[in-house]
Amino acid sequence: MPDVINRYAICTDLYRVNVQPATTLSITGPAPADLVNLTYSAAKDTYTAGTYTVEKVHSNDAAYHLQLNIYTGGQLLGFMLTDRTKKYGVSKNLRPLHVTNEAFYTLNHGGELAGFLQAFGLEVANSSQLDICLYTQQIDPAKLIQRLTGKTGKYQRIMRRNDKHETVIGARDERTGKIFNTTYFGKDSETVTVKIYDKSFKLASQPKQYVSDWHLANGFDPSKPVYSVEVSIKARALKEYRYNNAVSNTGKQTEATSYCIDLQRLNSPAYLAQLFQHFWPLDIRKKDATRPQNCTRVSLIDYTIHGEAELNKTVELRPTTSTLTMEKNVIKYHVAEFAHTGESIHLDMARAVAQRHQLTETLAKQLAKFTPASSALPAPTEAQQVAA
């Protein structure tokens with residue numbers, strides 16, 4: 001068996017959400033201010049509710065006029081952006097809220113965020129990004145993965161359709177000249193990205209005393225490297241869709257599974273370890289079968305050292321709506337071929353597909369892209385007749 005990382009500490013390192021007015025208020029009396037609809041010109045310098053203080057500042061985000069810094073007990077918890085520069089769009093009633101990095105290492109950030117939302121009559125509409133960091137001095141996780149999955153290794157990484165190979169970016173220490181690498185799996189992915197690097201090296205050039213103090217509090221030796229394995233979970237990964245093609249009385253169905261981040265458990269190592277395990281995108285297996293899919297899956301991390309926890313998820317079944325993407329592409333292809341070759345069979349094919357799937361408007365739009373001057377195309381009036 002490969003080395004298993006079983007000596008580590010885990011914590012949240014980034015959390016961004018969109019908030020909205022709470023649908024069920026549990027506060028006593030009205031909120032101190034309607035932060036969602038608050039404008040910069042109407043905002044007071046500060047608002048206070050319980051242990052929370054909101055401070056008005058100019059926004060550095062071009063999409064919002066107003067930034068509201070959120071303090072709890074005098075310490076900055078995060079900030080919320082409001083007073084949109086554009087007053088329309090599907091997210092017009094949502095406001096982004098970011099928790100500061102320091103709060104993850106010095107505060108009960110999950111509980112404090114939940115308390116702030118309750119105090120000001122807000123709730124989480126959706127999570128846009130959650131980063132979880134696993135810190136260890138046991139072994140360099142990047143070198144472990146490279147050693148196992150190399151050409152001479154006994155293990156392999158199973159690549160799925162949209163998986164990317166690892167990306168390694170090096171940085172030189174100006175003091176020693178030593179190269180330190182950052183290894184990415186799924187770099188720039190819209191779902192989940194893994195980033196592995198020497199956190200000690202980064203802290204040497206960009207000190208964060210609160211992180212160093214957190215490492216000491218969790219038993220790390222300051223004279224040895226601390227490696228960080230960071231899993232960045234994006235909004236798209238928090239919803240999974242599975243299509244059931246079995247035709248029943250209700251037709252085809254889509255099973256939508258949504259994962260809800262529990263604010264009160266964002267400080268729980270067991271809960272974070274379960275999230276880390278669930279969204280870990282690397283599929284590493286033994287080379288013990290002819291087909292890779294039949295090989296034995298292995299885990300490089302012992303997720304049980306902090307205990308076990310359940311994830312909050314909801315499952316919804318709904319009818320599957322076809323977007324007819326393939327049929328639209330067929331129409332587009334045959335119209336383009338007709339314009340290029342002048343062969344009427346392509347126009348006949350496009351017309352037949354459009355009529356069969358009620359896509360005459362799509363056909364008309366494709367025909368309208370070509371000017372009447374094209375020798376192979378009919379006049380605009382004829383194009384409209386074809387589409388009809």
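Because the structure is a prediction, the values reported are computed rather than measured.
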Visitor: What pair of heavy atoms forms the shortest contact from A114 to Q264, and how long is it?
Guide: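 Heavy-atom minimum between the residues: CB-NE2, 3.5 Å.
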
Visitor: Give a yes or no on this: more than 12 heavy atoms of other residues, nucleotides or ligands lie within 6.0 Å of atom NZ of K234.
Guide: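 Yes, the 6.0 Å shell around NZ holds more than 12 heavy atoms from other groups.
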
Visitor: Please give me the minimum heavy-atom distance between K286 and C295, naming the atom from each residue.
Guide: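 The pair with the smallest heavy-atom distance is O-CB, 2.9 Å.
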
Visitor: Applying side chain to side chain contact (heavy atoms under 4.5 Å, CB included), run through L367 and L347 and close with a yes or a no.
Guide: CA-CA 10 Å; L367 290 170; L347 188 59; 4.1 Å; yes

Visitor: Between E55 and Q67, is there a side-chain donor-acceptor contact under 3.5 Å, judged purely by atom types and distance?
Guide: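 Side chains of Q67 and E55: no pair found under 3.5 Å.
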
Visitor: Do the non-hydrogen side-chain atoms of S212 and L203 ever get within less than 4.5 Å of each other?
Guide: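 In short, these two side chains touch, coming nearer than 4.5 Å.
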
Visitor: Return yes when atom CG of N162 has more than 12 non-hydrogen atoms of other residues, nucleotides or ligands closer than 6.0 Å, and no otherwise.
Guide: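 Result for CG/N162: open.
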
Visitor: Is the closest side-chain donor-acceptor distance between T39 and D83 under 3.5 Å?
Guide: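 Side chains of T39 and D83: no pair found under 3.5 Å.
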
Visitor: With no hydrogens and no angle check, just 3.5 Å: does a side-chain donor-acceptor pair link H58 and Y40?
Guide: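 Looking only at side-chain atoms, Y40 and H58 do form a donor-acceptor pair, the distance falling under 3.5 Å.
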
Visitor: Starting from the C-alpha separation in whole Å, work towards a yes-or-no answer on side chain to side chain contact (heavy atoms under 4.5 Å, CB included) for L130 and I261.
Guide: CA-CA 9 Å; L130 173 67; I261 304 302; 3.8 Å; yes

Visitor: For R285 and R157, indicate whether the former's side chain and the latter's backbone hold a donor-acceptor pair under 3.5 Å.
Guide: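 No, the answer is negative, given that no donor and acceptor are paired below the 3.5 Å cut-off.
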
Visitor: Which heavy-atom pair separates D198 from Y227 by the least distance, and what is that distance?
Guide: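 Looking at all heavy atoms of both residues, the shortest contact is CA-CD2, 4.1 Å.
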
Visitor: Compare every heavy atom of T82 with every heavy atom of Y64, then report the nearest pair and how far apart it is.
Guide: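 Heavy atoms only, the tightest pair is CB-O, 3.5 Å.
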
Visitor: Side chains of P141 and I5: does their closest heavy-atom pair fall under 4.5 Å?
Guide: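 In contact.
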
Visitor: So, do D13 and I132 sit near enough that their side-chain heavy atoms are less than 4.5 Å apart?
Guide: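 D13 vs I132: side chains apart.
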
Visitor: Within a reach of under 6.0 Å around NZ of K56, are more than 12 heavy atoms found that belong to other residues, nucleotides or ligands?
Guide: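 Result for NZ/K56: enclosed.
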
Visitor: Is the cationic atom of K239 (NZ for Lys, CZ for Arg) positioned less than 6.0 Å from the six-membered ring centroid of Y259 and within 45 degrees of its normal?
Guide: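 No, K239 and Y259 do not form such a contact.
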
Visitor: Do D302 and Y8 have side-chain N/O donor and acceptor atoms under 3.5 Å apart?
Guide: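 There is no such pair (donor and acceptor under 3.5 Å, judged by atom type) between the side chains of D302 and Y8.
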
Visitor: Cation-pi between K195 and Y197: NZ/CZ under 6.0 Å from ring centre and within 45° of the ring axis?
Guide: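 Pair K195/Y197 counts as cation-pi.
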
Visitor: Parallel, tilted or perpendicular, judged at 30° and 60°: which one describes the rings of Y52 and F116?
Guide: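 Geometry flag for F116 against Y52: perpendicular rings.
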
Visitor: Within the 4.5 Å heavy-atom criterion, are L266 and L272 side-chain neighbours or not?
Guide: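 The answer is yes, as the side chains (C-beta and beyond) meet within the 4.5 Å cut-off.
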
Visitor: Set out, in order, the CA-CA distance, both residues' side-chain angles and the distance that settles side chain to side chain contact (heavy atoms under 4.5 Å, CB included) for L66 and V57, then state yes or no.
Guide: CA-CA 6 Å; L66 177 60; V57 295; over 6 Å; no

Visitor: Can a side-chain donor-acceptor contact be found between S232 and Q129 if the only test is distance below 3.5 angstrom?
Guide: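 Yes, a side-chain donor-acceptor pair sits under 3.5 Å.
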
Visitor: For F185, which of T193, D163, I196 qualifies under side-chain contact (heavy atoms from CB on, under 4.5 Å)?
Guide: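 Exactly one option meets the side-chain contact (heavy atoms from CB on, under 4.5 Å) with F185, and it is I196.
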
Visitor: For N60, I'd like to know if atom CG has over 12 heavy atoms of other residues, nucleotides or ligands within 6.0 Å.
Guide: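 Atom CG in N60 is not crowded, with 12 or fewer foreign heavy atoms closer than 6.0 Å.
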
Visitor: Is it true that atom NZ of K178 has more than 12 heavy atoms of other residues, nucleotides or ligands lying nearer than 6.0 Å?
Guide: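 Result for NZ/K178: open.
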
Visitor: Provide the closest heavy-atom pair for L359 versus I331 in the form atom of the first, atom of the second, distance.
Guide: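 What the structure gives for the nearest pair is CB-CD1, 3.9 Å.
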
Visitor: Report yes if some heavy atom in the side chain of L35 is under 4.5 Å from a heavy atom in the side chain of L68; otherwise report no.
Guide: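 Answer yes - side chains close enough.
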
Visitor: Is a side-chain donor-acceptor pair under 3.5 Å present for E310 with Q274?
Guide: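 Result is no, nothing qualifies.
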
Visitor: State the CD-CD1 distance between Q277 and I301, to the nearest 0.5 angstrom.
Guide: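 Reported to 0.5 Å precision, the distance equals 9.0 Å.
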
Visitor: In terms of ring plane angle, is the pair Y105 and Y135 parallel, tilted or perpendicular, where the classes change at 30° and 60°?
Guide: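 Rings of Y105 and Y135: tilted, 30 to 60°.
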
Visitor: Test ring pair (Phe, Tyr, Trp, His ring centres under 6.0 Å) on H215 and F220 and set out the steps.
Guide: CA-CA 5 Å; H215 287 166; F220 290 105; 5.4 Å; yes

Visitor: Check whether any side-chain heavy atom of V124 lies under 4.5 Å from a side-chain heavy atom of Q20, and answer yes or no.
Guide: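 When only atoms from C-beta onward are counted, Q20 and V124 do not touch, as no gap falls below 4.5 Å.
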
Visitor: Answer with yes or no whether the side chains of S127 and Y15 bring together a donor and an acceptor at under 3.5 Å.
Guide: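 On atom types as modelled, these side chains qualify, holding a pair under 3.5 Å.
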
Visitor: Give the minimum heavy-atom separation between N6 and Q138, together with the two atoms involved.
Guide: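 Of all heavy-atom pairs spanning N6 and Q138, the closest is N-OE1, 3.0 Å.
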
Visitor: Rounded at 0.5 Å granularity, tell me how far CZ in R7 sits from CG in N218.
Guide: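 Answer for the CZ-CG pair, R7 versus N218, is 14.5 Å.
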
Visitor: Ignoring hydrogens and angles, tell me if any N or O in the side chain of T191 forms a donor-acceptor pair with the backbone of R236 under 3.5 Å.
Guide: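 No, because the side chain of T191 does not come within donor-acceptor range (under 3.5 Å) of the backbone of R236.
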
Visitor: Quick check for you: to the nearest 0.5 Å, what is the distance between L300 atom CG and I139 atom CD1?
Guide: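 Between atom CG of L300 and atom CD1 of I139 there are 9.0 Å.
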
Visitor: Is there a side-chain contact between E230 and V194 (heavy atoms, below 4.5 Å)?
Guide: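 In short, these two side chains do not touch, never coming nearer than 4.5 Å.
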
Visitor: Mind checking whether F276 and Y303 have parallel, tilted or perpendicular rings, split at 30° and 60°?
Guide: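 Rings of F276 and Y303: tilted, as their planes differ by 30° to 60°.
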
Visitor: Short question: side chain of S268, backbone of Y271 - any donor-acceptor pair under 3.5 Å?
Guide: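 Checked: pair present.
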
Visitor: How many angstroms lie between OG1 in T362 and CD in E327, if you round to the nearest 0.5 Å?
Guide: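 So the gap between those two atoms works out to 10.5 Å.
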
Visitor: As an exercise, state the distance from CD of Q206 to CZ of F201, rounded to the nearest 0.5 Å.
Guide: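 Those atoms lie 9.0 Å apart.
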
Visitor: Check the side chains of R265 and N312 for a donor-acceptor pair under 3.5 angstrom, ignoring hydrogens and angles.
Guide: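 The answer is yes; a qualifying pair exists.
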
Visitor: Show your working on side-chain hydrogen bond (donor to acceptor under 3.5 Å, both in side chains) between T72 and E112 and close with a plain yes or no.
Guide: CA-CA 7 Å; T72 175; E112 293 289 358; 3.0 Å; yes

Visitor: Using the rule side-chain contact (heavy atoms from CB on, under 4.5 Å), only one of L122, N18, V17 pairs with L97; which is it?
Guide: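 Result: among L122, N18, V17, V17 is the only option passing the side-chain contact (heavy atoms from CB on, under 4.5 Å) with L97.
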
Visitor: Is there side-chain contact between L117 and L263, with at least one heavy-atom pair below 4.5 Å?
Guide: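 Touching, per the 4.5 Å side-chain cut-off.
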
Visitor: Where do T106 and Q75 land on the side-chain hydrogen bond (donor to acceptor under 3.5 Å, both in side chains) test, with the steps shown first?
Guide: CA-CA 10 Å; T106 58; Q75 182 174 342; 2.6 Å; yes

Visitor: Does CD1 belonging to I305 count more than 12 external heavy atoms closer than 6.0 Å?
Guide: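 Counting neighbours around CD1 of I305, more than 12 heavy atoms of other residues, nucleotides or ligands fall under 6.0 Å, so yes.
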
Visitor: Has K44 got more than 12 heavy atoms of other residues, nucleotides or ligands less than 6.0 Å from its NZ?
Guide: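 Open.
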
Visitor: Would you please test D61 and S59 for side-chain hydrogen bond (donor to acceptor under 3.5 Å, both in side chains) and show each step?
Guide: CA-CA 5 Å; D61 190 318; S59 171; 5.4 Å; no

Visitor: For a salt bridge (charged side-chain N to carboxylate O under 4.0 Å, His left out) check, start with the C-alpha distance between R297 and D283, then their side-chain angles and the critical distance, and finish with the verdict.
Guide: CA-CA 7 Å; R297 192 189 303 266; D283 185 357; 2.9 Å; yes

Visitor: Check this for me: K92, atom NZ, are more than 12 non-hydrogen atoms of other residues, nucleotides or ligands nearer than 6.0 Å?
Guide: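 No, NZ of K92 has 12 or fewer neighbouring heavy atoms, counting only those of other groups under 6.0 Å.
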
Visitor: Which value, rounded to the nearest 0.5 Å, describes the distance between I233 atom CD1 and S189 atom OG?
Guide: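 If we round to the nearest 0.5 Å, I233:CD1 and S189:OG are 11.5 Å apart.
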
Visitor: Report the C-alpha separation of H346 and V335 in whole Å, then their side-chain angles, then the decisive distance to 0.1 Å, and conclude whether the side chain to side chain contact (heavy atoms under 4.5 Å, CB included) test is met.
Guide: CA-CA 7 Å; H346 289 292; V335 170; over 6 Å; no

